[in-house]
Colleague: 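Quick one: this structure, given as structure tokens, is what I'll be asking you about.
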Amino acid sequence: FHSNVTADDPVSKAYFGQSVALSGDMMAVGARNADPNGAGAVYLFRQSGDEWIQVAKIVPFDGKKNDQFGFSIAIFGDTMAVGARRVNLTKEGWEGATYLFSLDSEPFDLITKLNASDANPGDEFGQSVSFAGNILAVGAWRDDVNGNENQGSVYLFKKVDDQWNKVDKITASDGSAGDEFGYSLAAFGNRLVTGAHFADSKAGTAYVIPVRL
């Protein structure tokens, strides 16, 4: 058995299904170019029997065209992280951002908007997101590291006293220019996995990273 899930307001080239996440009876679906303004959106559905009922459409409060809000999604408990990898912080742009929302009750309120403290144009912070327990990992796949263009990095954030603070920035010790470390992320328990799909002459590498919770 399978169900087809669509947005209540489908729009051509919204890319509904760009990202997905499940938590209990809640499903989130990203549409990176959805309106308003083509900034992107995340649609929330709740399971009712065999059906998935749309309960909300979340858009960024400061969204602009091509932000790609919803490019990546992760859920842990009642917290949802949404990557918007092409948010502009400067005129050059595409530094990226990640938004955190509370799913505890409706309306699903914004908790905070995270940026890399050392953001540079083109880093695309928010390319990937994942929760390793109470740690949020955010991939910046085009971050330049020690002069190596697009080597990539992963930022770790932890909630302390209701504030999400950066606790670490991870790079590959054997990384090279163009590896794009942080391209993808997944986690289970205290293990975090990130993909560097262009590492080793584009053969690709996945790194398993222990995380201190």
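Keep in mind it's a predicted model, so treat the numbers as computed, not measured.
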Colleague: Under a single-linkage definition using a 4.5 Å side-chain heavy-atom cutoff for Ile, Leu, Val, Met, Phe, Trp and Tyr, are L136 and L156 assigned to the same hydrophobic cluster?
Modeller: no
Colleague: Does a side-chain heavy-atom distance below 4.5 Å link I111 with T79?
Modeller: yes
Colleague: Evaluate the side-chain proximity of Q151 to T171: yes if any heavy-atom separation is below 4.5 Å, no if none is.
Modeller: yes
Colleague: If the condition is side chain to side chain contact (heavy atoms under 4.5 Å, CB included), which residues does N134 pass it with, not counting sequence neighbours?
Modeller: K158, L213
Colleague: Does V42 reach the side chain of F108, with side-chain heavy atoms less than 4.5 Å apart?
Modeller: no
Colleague: Check whether any side-chain N or O of T98 sits under 3.5 Å from a backbone N or O of L114 as a donor-acceptor pair, and report yes or no.
Modeller: no
Colleague: Tell me the closest heavy-atom pair linking F181 and A196, and the distance in Å.
Modeller: CA-CB, 3.7 Å
Colleague: Do V160 and Q163 have side chains that get closer than 4.5 Å, going by heavy atoms?
Modeller: no
Colleague: For the backbone of S184 and the side chain of T194, can you confirm whether one donor and one acceptor N or O come within less than 3.5 Å of each other?
Modeller: yes
Colleague: Is it the case that the side chain of N150 and the backbone of A177 share a donor-acceptor pair, with hydrogens and angles ignored and the cut-off at 3.5 Å?
Modeller: no
Colleague: Can any side-chain N or O of Q127 pair as donor or acceptor with the backbone N or O of Y183 at less than 3.5 Å?
Modeller: yes
Colleague: In a table with atom names and distances, give each donor-acceptor pair under 3.5 Å that connects a side chain of residues 198-212 to protein atoms at least two apart or in another chain.
Modeller:
| from | atom 1 | to | atom 2 | distance (Å) |
| --- | --- | --- | --- | --- |
| D200 | OD2 | T205 | OG1 | 2.9 |
| Y207 | OH | D174 | OD1 | 2.8 |

Colleague: Would you check if V20 and M27 make a side-chain contact, meaning some heavy-atom pair closer than 4.5 Å?
Modeller: no
Colleague: Quick one: which residue pairs count as a salt bridge (Lys or Arg N to Asp or Glu O under 4.0 Å) with a foot in residues 109-133, not counting sequence neighbours?
Modeller: D62-K113, R85-E124, R86-E124, D118-K169, E124-R142
Colleague: Excluding sequence neighbours, so at least two apart, what forms side chain to side chain donor-acceptor pair (under 3.5 Å) with S153?
Modeller: D143
Colleague: Taking atom CZ of F61 as the centre, report whether more than 12 heavy atoms of other residues, nucleotides or ligands fall under 6.0 Å from it.
Modeller: yes
Colleague: How close do S23 and G77 get, counting heavy atoms only, and between which atoms?
Modeller: OG-O, 3.9 Å
Colleague: Tell me the closest heavy-atom pair linking I75 and A28, and the distance in Å.
Modeller: CD1-CB, 4.1 Å
Colleague: Do the side chains of F71 and W94 join up, straight or via other hydrophobic residues, at under 4.5 Å, putting them in one cluster?
Modeller: no
Colleague: Kindly determine whether L103 and L44 satisfy side chain to side chain contact (heavy atoms under 4.5 Å, CB included), including the steps that lead there.
Modeller: CA-CA 10 Å; L103 301 182; L44 293 177; 3.8 Å; yes
Colleague: Using every non-hydrogen atom in the two residues, find where G182 and S128 come nearest and quote the distance to one decimal.
Modeller: O-OG, 2.7 Å
Colleague: Do V87 and V59 sit in one hydrophobic cluster, given that two such residues count as connected whenever their side-chain heavy atoms are within less than 4.5 Å of each other, even indirectly?
Modeller: no
Colleague: Show me, pair by pair, the donor-acceptor contacts under 3.5 angstrom made by side chains of residues 5-16, not counting sequence neighbours?
Modeller:
| from | atom 1 | to | atom 2 | distance (Å) |
| --- | --- | --- | --- | --- |
| D9 | OD1 | Y43 | OH | 2.7 |
| D9 | OD2 | K57 | NZ | 2.7 |

Colleague: Any sub-3.5 Å donor-acceptor pair from T112's side-chain atoms to L100's backbone N or O?
Modeller: no
Colleague: Any chance you could measure F125, atom CZ, to S117, atom OG, to the nearest 0.5 Å?
Modeller: 9.0 Å
Colleague: Over all heavy atoms of both residues, which pair between G126 and S72 is shortest? Give the atoms and the distance, please.
Modeller: O-OG, 2.8 Å
Colleague: Examine distances only and state if a side-chain atom of N115 and a backbone atom of G96 form a donor-acceptor pair shorter than 3.5 Å.
Modeller: yes
Colleague: side-chain contact (heavy atoms from CB on, under 4.5 Å) with F157: which of V167, V138, I135?
Modeller: V138
Colleague: Taking salt bridge (Lys or Arg N to Asp or Glu O under 4.0 Å) as the cut-off, I'd like each qualifying pair that reaches into residues 15-34, sequence neighbours left out, listed once.
Modeller: D25-R46
Colleague: Under a 4.5 Å side-chain heavy-atom rule over Ile, Leu, Val, Met, Phe, Trp and Tyr, are I170 and L185 clustered together?
Modeller: yes
Colleague: So how far is it from N148 CG to S176 OG, rounded to the nearest 0.5 Å?
Modeller: 6.5 Å
Colleague: Can you name the nearest heavy-atom pair linking M26 to W52, along with the distance?
Modeller: C-CZ3, 4.1 Å
Colleague: Are L110 and V82 joined in one hydrophobic group, where the rule is that I, L, V, M, F, W and Y side chains link up if heavy atoms are under 4.5 Å apart?
Modeller: yes
